[in-house]
Amino acid sequence: MTPPEHDKLLALFDAAADAPVTPPTAHHPADDDETVAAFATDALTPTARRQLLIHLAGCPRCRQRFAEFARDGTFSALGATVPVVARPRLTARPTRWSLVGGVLAASVLVGAMVVWWVRSAPGRELARANDDLVSGRATDALDRLERLPDERLTADERLRRAELAERAGYHLGREALAGRRFEEVADVERRATASGAKSARLTNLSIQASRTDPDEERRMTTATLLEHGVQFDGKHVRLKGPGKKFEVEDRFRQALEQFPNDPTLLTNYGEFLIEKFRYADAVEVFTRAVKVAPESATAHTGLGLALFKQDRPADALRHFSDAERLGHGLSAVNAALCHEAMGDRKQAKECWQRAIPHATSDELKQRIEAALKRE
Amino acid sequence: MSPWADGEQRLTDELTRFARRYTAELGVPWPASPLGEDQPAAYITSLWRCWAYHWAQAVEDQRKPVDGWQLARELSDPQRRGGDVFRGVVLARAMLLRHHSALRAFDDEHLLPTARRCEPAAKYAPGDMPDWWPNLVDRLVGATRPPGALARYTGRSGLGAYVLQVALNERRGMTRSAFHRKAKALDEDSVGTRPRLDFLSDECAELLSGQLTAALATLTEEEQLLLKWTYKDRLEGQQVADLLGVHPGTISRRKKDGLGRFRAAVDRLCGRGTAAEECVEHLLGDGRNRQLCDVLLDALTRGGRT
């Protein structure tokens with residue numbers, strides 16, 4: 001019999017398993033028929049498959065949809081659409097010569113296997129590192145990869161080592177960043193890079209650590225203009241900033257030279273520029289982010305914030321509306337403030353009404369209600 | 001010499017060659033268009049989108065320059081896993097332009113096999129038409145619900161698999177447009193129902209479920225999915241192995257490893273001396289000598305979740 005406390009703990013586990021880890025996104029791969037078909041027919045490349053699994057781990061909605069597809073046989077049905085190429089069947093009767101040939105071939109095969117066993121030690125180490133990684137022992141994996149001497153690796157093995165080091169480095173770096181162990185992030189990045197790893201997400205972790213920011217992607221989706229000095233009547237307090245060039249900015253620039261189309265790097269850089277009150281530069285960067293990731297609510301929100309700060313509420317409004325359409329409910333607050341700034345009380349009131357269900361705190365809710373009552 | 005212009009011309013020539021080859025195979029006229037659309041450009045743009053996607057993916061996977069011409073030959077190979085995607089792209093585009101010969105080819109190559117796969121017991125013969133067929137064709141071509149699912153087809157998967165997935169969704173009644181689905185908030189459109197945690201105070205429920213979420217987040221993505229699909233979504237080991245693309249024989253070991261790490265993380269976050277200690281004591285009642293991680297693992301592995 002199951003003790004009653006087991007039910008409570010299972011309910012707790014269910015709540016934890018269904019908590020979204022990645023920020024809500026407008027793009028759900030489970031809704032994209034072609035992604036589902038490509039996944040089921042094994043047509044995704046390893047990189048695309050990996051990115052999909054990362055999304056599924058953090059998005060309960062897509063994970064549950066994929067579970068449904070597995071349960072109701074969708075994946076098996078889709079898999080059956082892929083033609084299986086039959087292997088040619090051996091029909092000839094074996095002769096004495098073919099037997100002698102077989103024995104010789106077997107001897108050659110055994111010899112080749114012995115040679116392979118001796119020469120493929122790096123390959124086995126790479127396989128072990130992969131096992132470590134898949135089993136969650138990223139530290140062991142990185143240690144193992146660091147011990148592999150560069151000169152003994154073939155070109156393919158070097159690529160494989162770089163890929164594994166990147167995955168291990170990213171996993172360890174993300175853990176360290178979330179735990180605010182910023183020096184450890186830099187150390188992990190250095191170790192992974194020494195093993196050939198190079199990626200936008202690893203570089204991004206390192207930059208975020210140097211900014212002592214524990215978020216991998218700054219949660220611009222929770223940001224409203226209220227946190228940027230704008231009053232409830234849409235007027236903003238002008239803040240003057242030094243606009244000083246920091247080492248961090250050089251790192252952003254270098255990273256973007258290497259990975260010019262990485263949306264996370266672009267939005268983090270844009271957010272950094274807003275923090276430094278360099279709104280014109282921020283507009284430029286966020287415009288690029290929107291171009292690269294038009295479905296990103298974060299990019300639209302960031303661009304809206306920067307445009308508003310440039311006294312362009314009409315342009316900002318367009319992007320806040322896009323962000324709201326893409327699932328960022330709090331953008332209604334930003335849209336209301338744009339209307340307030342343009343003196344359109346009627347539209348502003350409609351936006352305030354829409355914003356109430358998305359208010360993140362009682363205080364914000366009360367302030368919105370007060371703004372609604374204001375004539 | 002102008003390398004960019006030359007390269008662009010070579011690409012356009014190659015794409016035109018593919019477009020002409022497949023339209024000829026399908027019996028679709030070239031270049032006249034019944035809808036007045038710039039037909040060659042429509043085919044070439046669709047083919048380039050498909051080629052560019054696979055090219056970029058190949059470069060990302062191999063981390064070195066890839067011979068795009070060789071890749072195009074592979075993509076147009078009918079023996080390729082998933083079939084000849086270029087032919088699929090041209091056929092989808094010709095369907096959207098409503099060419100009769102394309103409709104006939106699509107019927108034979110995709111709709112009939114799809115109907116047979118959706119309802120294997122129905123034994124459809126050529127010419128038969130299931131009740132849901134007109135709806136499916138409408139959804140694919142977009143006669144009453146533009147732009148039509150085929151307009152979204154980019155050649156990432158085989159056309160056969162794509163059409164079957166659209167048909168399965170149609171039959172499930174998931175007829176809502178992608179935009180509608182995208183516009184909905186995550187919680188609102190959640191597939192499962194949120195478990196009730198009313199046996200705990202709000203603070204404790206938030207703290208403990210937050211700590212368990214954090215403990216899950218310390219695992220690798222594969223481990224998180226393994227545990228969530230097994231213990232939350234209750235999938236069989238074989239199904240989880242298929243989803244993760246691993247051998248089914250390794251699932252038990254992976255599950256054991258994942259649970260071990262999850263247990264350690266829960267102990268670290270909810271054990272004695274942590275902020276959650278009081279909530280754990282309240283939750284476990286008289287179990288002052290027990291640890292949350294042990295009881296939780298016991299619940300997962302013995303409470304009907306294996």
Side-chain angles (χ1 to χ4, degrees), chain A residues 2 5-6 8-21 24 26 28 31 33-38 40-43 45-49 53-54 56-57 60-61 63-68 70-71 74-75 77-78 80-83 85 133-136 138 159 171 175 325 327 329, chain B residues 57 60-61 63 79 81-82 117 149 153-154 156-158 160-162 164-166 168-169 178 181-183 185-186 189-192 195-197 199 208-209 212-213 216-225 228-229 231-233 235 239 242-243 257-258 261 283-284 295-296 299-300 303-304:
Chain A
T2 314
E5 68 189 15
H6 276 192
K8 295 179 185 173
L9 287 166
L10 293 177
L12 255 179
F13 179 81
D14 287 354
D18 279 352
V21 178
H28 288 291
D31 287 342
D33 294 332
E34 202 173 355
T35 302
V36 174
T41 54
D42 211 12
T45 61
T47 309
R49 189 182 168 84
L53 290 182
I54 290 171
L56 291 179
R61 186 180 182 283
R63 192 200 74 233
Q64 288 177 25
R65 196 85 85 194
F66 267 61
E68 269 182 19
R71 213 179 285 121
T74 298
F75 286 141
L78 291 172
T81 59
V82 179
V85 181
L133 202 53
V134 172
S135 309
L159 281 175
H171 186 75
E175 217 172 68
R325 179 179 59 77
Chain B
Q57 288 290 310
E60 203 172 331
D61 278 334
R63 298 188 181 193
Q79 297 298 316
R81 195 172 164 78
R117 283 195 179 101
Y153 177 69
T154 57
R156 279 181 287 150
S157 72
Y162 179 70
L164 179 58
Q165 171 63 4
V166 174
L168 290 170
N169 274 343
R181 274 181 267 151
K182 278 177 184 176
L186 185 70
D189 203 11
S190 173
V191 177
R196 292 171 65 82
L197 299 177
F199 48 85
L208 285 179
S209 63
L212 291 190
T213 307
L216 277 170
T218 61
L219 308 181
T220 60
E221 284 84 19
E222 282 94 346
E223 283 177 325
Q224 286 182 44
L225 284 169
K228 289 175 182 178
W229 272 329
Y231 297 116
K232 169 67 181 65
D233 303 322
L235 292 185
Q239 292 168 334
D242 288 346
L243 283 167
D257 288 353
R261 284 178 23 88
L283 177 70
L284 298 182
V295 191
L296 176 61
L300 286 175

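Naming: A, B, ... by sequence-line order, numbering from 1 per chain.
- For A:Glu175, the part lying under 4.5 angstrom from a heavy atom of chain B is the side chain only.
- Only the backbone of B:Leu219 comes within less than 4.5 Å of a heavy atom of chain A; no side-chain atom from C-beta onward does.
- Panel note: side chain B:Lys232, backbone A:Phe13; no donor-acceptor pair is recorded below 3.5 Å.
- Separation of atoms CZ (B:Arg156) and OG1 (A:Thr45) is listed at 11.0 Å; rounding is to 0.5 Å.
- Between chain A and the options B:Gln239, B:Glu222, B:Glu60, B:Arg261, the largest number of non-hydrogen pairs under 4.5 Å is found for B:Arg261.
- Here the closest non-hydrogen pair linking B:Tyr231 and A:Asp14 is O-OD1, 4.4 Å.
- Looking at B:Gln165, its side chain never comes within 3.5 Å of a backbone N or O of A:Asp33 through a donor-acceptor pair.
- Between A:Thr74 atom OG1 and B:Asn169 atom CG the span is 7.5 Å, to the nearest 0.5 Å.
- The side-chain heavy atoms of B:Asp233 and A:Arg71, taken from C-beta on, include a pair separated by under 4.5 Å.
- The shortest heavy-atom contact between A:Pro46 and B:Asp61 is CD-OD2, 3.1 Å.
- Note that CD of B:Glu221 is 10.5 Å distant from CG of A:Leu56, once rounded to the nearest 0.5 Å.
- Going from atom CG of B:Leu235 over to atom CZ of A:Arg63 covers 9.5 Å, rounded to the nearest 0.5 Å.
- Each of B:Thr218, B:Leu208, B:Asp257 has some count of heavy-atom pairs under 4.5 Å with chain A, and the biggest count is that of B:Thr218.
- Considering only heavy atoms from C-beta on, B:Asp242 stays 4.5 Å or farther from A:Phe75 through its side chain.
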